[in-house]
Amino acid sequence: MERLQKLIAASGITSRRKAEELIREGRVKVNGVVVKELGTKVTGKEEIMVDGVALSKEEKVYFLLNKPRGVVTTTDDDKKRKTVVDLIETDKRIYPVGRLDYDTTGALLLTNDGDFANHLMHPSFHIDKVYLAKVKGILKGEQINALKNGVLIDGKKTEKARVKLRKVDHKKNTSMVELTIHEGHNHQVKKMFEAIGFEVEKLTRLRFGFLDVKKLKSGEYRPLTPKEVAQLYALSNQEK
Ligand code: URA
């Protein structure tokens with residue numbers, strides 16, 4: 001189920017905010033009945049009309065982006081900074097699946113398929129996300145074990161993670177750590193390191209599930225193949 005305004009926006013005719021206005025103004029009908037309630041939930045199977053015109057179901061598109069630094073993961077930034085959506089040439093109204101911080105790089109999915117995005121962002125969807133973090137300081141065994149077993153962030157213990165110390169640079173006093181997690185709390189990786197007293201200097205997402213960005217340069221993207229989309233759907237149905 002989705003919110004009516006979200007579905008209208010996803011059809012590509014207007015923004016979410018404008019869709020809300022249309023609803024409030026009584027210009028939207030669901031199965032022939034005017035709906036003015038903003039939170040109304042719809043399945044997508046209803047006949048939705050805006051100003052008497054039926055919404056057409058937009059073709060679904062899926063992209064894998066190698067996100068560069070200095071780009072926000074949103075569709076529309078208040079401060080008018082460049083967004084991940086600006087990097088992708090499409091006439092569809094796409095949005096990111098989850099988020100990477102402004103200064104985080106790497107694998108990010110974008111789509112106009114709300115069901116797909118909801119599936120993948122559902123907290124119980126256990127897909128591995130692999131990050132490489134450059135942190136200030138040299139990690140010791142006990143700190144690596146703490147990350148593996150779970151640390152407290154925002155009062156909650158993180159789930160088990162896989163952690164590999166890839167490299168240490170004693171001269172520069174930095175460590176490169178590969179961290180595999182399946183949760184997706186806000187700033188999770190940075191907060192996990194903060195919890196053990198380390199600051200992340202650089203962060204990149206190497207993989208989202210089976211998708212990596214090795215063949216994409218920073219800022220480059222490619223459409224997912226139908227097989228990849230089907231595989232992700234299959235994974236999300238399995239693991240919920
Ligand atoms: N964890 C973070 O701290 N930042 C990201 O961008 C992704 C995961």
Side-chain angles (χ1 to χ4, degrees), residues 63-79 81-88 94-111 117-137 139 143-144 146-167 174-214 216-221 232 235-236 239:
F63 297 101
L64 173 65
L65 168 72
N66 185 357
K67 179 192 172 294
R69 280 166 91 92
V71 178
V72 259
T73 306
T74 174
T75 51
D76 194 12
D77 185 49
D78 303 344
K79 298 184 201 145
R81 291 173 298 183
K82 198 172 210 172
T83 75
V84 287
V85 171
D86 294 335
L87 298 174
I88 293 181
I94 55 170
Y95 43 89
V97 177
R99 74 187 287 269
L100 291 179
D101 295 334
Y102 188 67
D103 57 353
T104 301
T105 59
L108 182 71
L109 293 180
L110 296 104
T111 182
N118 286 340
H119 266 293
L120 297 187
M121 286 190 286
H122 196 276
S124 61
F125 178 49
H126 287 189
I127 193 162
D128 280 345
K129 287 147 222 153
V130 184
Y131 293 90
L132 184 64
K134 182 180 178 192
V135 302
K136 226 186 245 171
L139 261 79
Q143 289 152 336
I144 293 171
L147 288 177
K148 279 186 182 167
N149 293 324
V151 290
L152 275 187
I153 62 172
D154 303 325
K156 262 188 159 173
K157 197 170 172 197
T158 55
E159 289 183 21
K160 288 214 180 313
R162 286 203 298 279
V163 185
K164 278 188 213 156
L165 186 58
R166 283 262 205 103
K167 216 163 98 181
T174 54
S175 309
M176 297 293 285
V177 189
E178 188 182 300
L179 188 69
T180 305
I181 57 175
H182 57 250
E183 299 163 290
H185 302 300
N186 255 354
H187 315 299
Q188 177 155 348
V189 175
K190 290 177 187 168
K191 285 182 178 170
M192 285 175 75
F193 279 103
E194 199 182 301
I196 57 160
F198 285 79
E199 189 190 329
V200 173
E201 286 187 344
K202 267 190 183 169
L203 184 61
T204 187
R205 182 152 73 188
L206 301 175
R207 281 203 288 123
F208 182 93
F210 54 85
L211 296 166
D212 69 53
V213 285
K214 280 186 202 151
L216 297 170
K217 295 198 185 96
S218 174
E220 280 187 350
Y221 62 91
L232 282 172
L235 267 180
S236 69
E239 303 192 18

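Counting starts at 1 for both ligands and their atoms, in listed order.
Using modelled atom types and a 3.5 Å distance limit, the side chains of H187 and D101 yield a donor-acceptor pair.
For a threshold of 3.5 Å applied to N or O pairs, the pair formed by Y131 and ligand 1 contains no separation below that value. Geometrically, ligand 1 and L100 share no nitrogen or oxygen pair separated by less than 3.5 Å.
For ligand 1 and L203, the ligand atoms under 4.0 Å from any heavy atom of the residue are 1 (N), 2 (C), 3 (O), 4 (N), 5 (C). Of all the atoms in ligand 1, the ones that sit under 4.0 Å from a non-hydrogen atom of D101 are 2 (C), 3 (O), 4 (N), 5 (C), 6 (O). In summary, the atoms of ligand 1 found under 4.0 Å from a heavy atom of T104, numbered by their order in the structure, are 4 (N), 5 (C), 6 (O). Numbered from 1 in the order shown, with element, the atoms of ligand 1 that lie under 4.0 Å from a heavy atom of K190 read 2 (C), 3 (O).
Atom 1 (N) of ligand 1 has its closest protein heavy atom at V189 N, 3.1 Å.
Across every non-hydrogen atom of L203 and A133, the tightest pair is CD1-CB, 3.8 Å. Contact detail for P96 and V85: the closest heavy-atom pair is CD-CG2, 4.4 Å. When all heavy atoms are compared, the tightest approach of M176 to L132 is CE-CD2, 3.8 Å.
Put simply, the side chain of T105 reaches to within 4.5 Å of the side chain of R69, judged on heavy atoms.
Residue H187 holds the heavy atom nearest to atom 2 (C) of ligand 1 of all those in M192, E194, H187, K129.
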**Asked** Step by step, would you call L64 with L110 a side chain to side chain contact (heavy atoms under 4.5 Å, CB included)?
**Response** CA-CA 7 Å; L64 173 65; L110 296 104; over 6 Å; no
